[in-house]
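In what follows, every heavy atom counts, from backbone to side chain, and hydrogens, waters and symmetry copies are set aside. No experiment lies behind these values; they were computed from the predicted model shown.
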Amino acid sequence: MMINYNHTVFVFLLLSLGIFKLGSCSGNQSQTNNVTVKCIKSEREALVRFKEGVNDIPGKLSSWVGEDCCQWKGVECDNESGHVTMLNLSNPAGRHRHSDYYEIYSRNRPPCANSECSAGLSHRNNICSKRSSYIQRRECRSLLGDVNSSFSRDVNASLSGEITRYLSNLSSLTHLDLEGNYNLSTKNLDWVSSLSSLQKLYMGGVKINHTEADWLHAINMLPSLRVLSLYSCELKHLPSSLTFLNLTSLRVLDLSYNPFNTSIDLSHNPFNTSIPQWLFNLSSLKNLDLTFSNQRGKILDSFGRLGSLKYLYLGGNHFYGSIPASIGNLSSLKELDLSYNEMNGTIPESFGQLSTLVKLYLLENSWEGVITEAQLMNLTTLEEFVLTTNNKSQPLVFNVKDDWRPPFKLKILHLESCLIGSKFPKWLQVQSELTYVILKSVEINGTIPEEWFSMISYNLTHLDLSNNQINGSLPHQLVFPNVTKLFLQSNLFSGPIPSNISDLMPSLQYLDLSENHLYGKIPLSISKIKKLNILVLRRNNLSGELPDHWNKSQMDLRVVDISYNNIRGKIPSSMGFLGNLSILVLSNNNLSGEIPSSLQSRSIVSMDFGGNRLSGNLPSWIESDIFMLRLRSNLFSGTIPKKWCNLHKLRILDLAQNNLFGGIPDCFNNFNAMVDHNTFGYQHVENYTEKAYIVTKGREYEYDRTLQFVTCIDLSGNSLTGGIPIQITSLTRLGTLNLSMNHLNGRIPKNIGNMRWLETLDLSNNRLFGPIPGSLSSLTSLVHLNLSFNNLTGRIPSGSQLQTLIDTTIYKGNPSLCGSPLPTKCPGDETSDGPSITDVDDKQGGDHYERIWFYANIGLGFGVGFWSVCGTLLLKKSWRHCYFRFCDEIKDRIALLIALRVVHLKRKFGLEKN
């Protein structure tokens, strides 16, 4: 009974205590809710002054009203003291996060120079660099084609103006984020040194005007700083030394995309690098980003001292030499990027010690030597392996055993221009988790195992096996539901394209099967792939007709290149449904009929139908955005449309070898792209390089990556009449003008010398008359000239450049031309001592007659001289006596002078007898 009583009392006391405690907590909570934390007046004033100094176009500061600044958007305060601790006014649209891989430009474009990657142009980089993975970075490069719209979005979301010093009054600030505001600037960073509590400073994209080392000295006054992000700040000076280092807590340092002035003589630098030595004393550093910061020299062993590093980005600089062996000391390293440098050494064996490495990027260097199991043996966590080399003489070789099984499971593999073996390596056949594969120019021969295809088919999104010697048929049964990019060009694949390709690869966006041995018809199912962006089937043996079921659902299709095949029939009018079609290349097939008018509503920038049997009139509806119009070697007739004079972006007009008649329009001077190099109509398309044959310099050349820089007008091989319009001489940027094999008459325009960039001028086989203009000698870039078979007259002009064009066939078939280099002399040149160029027979004949005249003149001269003197003496007696008397006197004088000289010498030497 006593026990029950004691238990009852104990329970009662516990319940009482609990109720009391709940009431106490409730009271405290109520009291806390009633307390309103207001910001400190001086700090509110500092924020107001900051707001007054900037232009708030995006309206980020619209909430900055009222007395309590702690309620303003982007401002956070300490709950107890009321001090402002965080200010976040970043622009997410322009934010930069280099967490994986930066892949700045598209696949066919070289990396940008450091001058382009700094300051304002860094917007372009940031569009892609903020993406979070290698695949996303490569996908993002397509945005660069429309960089203007992306750039405008960044600007519209950015604050502008100047950061005032009043922010230094926020003494308790621990987090300041102004990143991505590319229109903000600050005179210096002196005000930052007053923020002694600052732990995170994000100012990427803000222009920092500084004098040499002052920006770093201000930052060095912040002992608690853990994160420093100053990418794209137009910093030009990176101090090589510090008197003291206060940044002992720094974990993240991002100085990427700054044009640091490192053009110093590194030969006098004992460390032979531009990387400052104080950086290697940041022992707590975990993330270092110096991407595109104009660093140069060697990568030092000193990096091995940064044992806490997890992320190291040194891509896009001018480093050379090998990777230091001390890289193996970075046992915590997860990501390493050394891409786009000038490194030319080997991959050290110490790589095998990086057991935590997840992502390795070694693109675009001149790697050499051999990779064995030693460099890869302990990379158990490796998921992304990217290595390309541009060393053609001593390429990097993978030399691993046949039965070697790597310790890693890759998701991304990119190997390019290195040697991985003649057959498909077995160590790759066990990689079952691959989603992204590029094995380009790695000299693979033979077939690809279907077992490997089958194993990765459902995960695969990107496959590039281009530029190898792979043979066999395309897989007809394997399903690749997630593949978006398939590049198999420049191999030995044969057989037909799978008829059910739209079922096998429904997500396909890029398909390039060019330069193989494929045959058969183009499957109709290609027109069912709704997301298709690029279709390239160039240089195969495909036959039949073009698919006639293109539809509006394929709005993403931008490029169709089926050139150099055996396609016949007409161009389908259904291609007019492809609303975004910009490049259409159907050259060198057997196409016939007219160009369908349904294409007139498309924004086509390049149309190449050359080498077919197309007929009818030239399409007058061509839009003004077109860059290249190549219709040569067809059966087109009629006149050149005057409406084409509105093609302001046109750089290549090739209508050669057709049946055109009429005159050349006198408005070609409206081709602005051939006058002003800033008028640039060509827009690069990711993962596609357009190729075209252009007749220039007397030969046919294939242009690919440089096609965008060609300027050409070729109207040769037609029946054009009339004269050469003087307006055509306004095209000062034109490189090739070919009007040969027509019926043109009249004179060559006098001011043709204005076309200062002209390299090729062919006016042969016409009916031109009159003199060759003297201004022709002003064409200093001219390397090919042909004026043959016209009715030109007069003297051939001379000049610095024309003197190098000494082939007489240039002027052949113009009988009234004279002067060098022709053997025909012009009137008044007979007494000329100037050099002349003749053939060998003429020279030999000339020498024979010259010798005869030489001897005849000598004989005639001797006879005239002799008889003019001797004959006179014989006939005139008084002259004869006078002449002989003169001779006697001369003889006596000479004898006397000799006698006197003899006497003088005898006296001088004492020989005279007494």
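Applying the side chain to side chain donor-acceptor pair (under 3.5 Å) rule to Asn188 yields no partners; only residues at least two apart in sequence or on another chain are considered. With sequence neighbours excluded, no residue forms a ring pair (Phe, Tyr, Trp, His ring centres under 6.0 Å) with Phe408. Glu433 is linked by a salt bridge (charged side-chain N to carboxylate O under 4.0 Å, His left out) to Lys411, counting only residues two or more places apart in sequence or in another chain. In this structure Phe385 satisfies the ring pair (Phe, Tyr, Trp, His ring centres under 6.0 Å) test with no other residue, sequence neighbours excluded. Checked against side chain to side chain donor-acceptor pair (under 3.5 Å), Ser240 has no partners two or more places apart in sequence or in another chain. For Thr706, the side chain to side chain contact (heavy atoms under 4.5 Å, CB included) partners two or more places apart in sequence, or in a different chain, are Tyr703, Phe709. By the side chain to side chain donor-acceptor pair (under 3.5 Å) test, Thr186 is found to be paired with Trp191, residues two or more places apart in sequence or in another chain being considered. The ring pair (Phe, Tyr, Trp, His ring centres under 6.0 Å) search around His217 returns none, not counting sequence neighbours. Scored by the ring pair (Phe, Tyr, Trp, His ring centres under 6.0 Å) test, Phe424 finds Trp452 as partners (sequence neighbours excluded). Residues passing the side chain to side chain donor-acceptor pair (under 3.5 Å) test with Asn246: none are found, sequence neighbours excluded. Applying the salt bridge (charged side-chain N to carboxylate O under 4.0 Å, His left out) rule to Lys236 yields no partners; only residues at least two apart in sequence or on another chain are considered.
If you run side chain to side chain donor-acceptor pair (under 3.5 Å) between Tyr361 and each of His414, Glu335, Glu384, only Glu384 comes through.
Between the side chains of Thr389 and Asn391, no donor-acceptor pair is found at a separation under 3.5 Å. Side-chain contact of Arg305 with Asn281: a donor-acceptor pair under 3.5 Å is present, judged by distance alone.
Aromatic ring pairs are classed by plane angle as parallel below 30°, tilted from 30° to 60° and perpendicular above 60°; the pair Trp427 and Trp404 is tilted.
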Mind listing the side-chain donor-acceptor pairs of residues 341-349 below 3.5 Å, one per line with the distance, residues two or more places apart or on another chain?
from: Asn341; atom 1: OD1; to: Asn317; atom 2: N; distance (Å): 3.2
from: Asn341; atom 1: OD1; to: His318; atom 2: N; distance (Å): 3.3
from: Asn341; atom 1: OD1; to: Phe319; atom 2: N; distance (Å): 3.2
from: Asn341; atom 1: ND2; to: Leu314; atom 2: O; distance (Å): 3.1
from: Asn341; atom 1: ND2; to: Leu338; atom 2: O; distance (Å): 3.0
from: Asn341; atom 1: ND2; to: Ser339; atom 2: O; distance (Å): 3.2
from: Glu342; atom 1: OE2; to: His318; atom 2: ND1; distance (Å): 3.0
from: Asn344; atom 1: OD1; to: Gly321; atom 2: N; distance (Å): 3.1

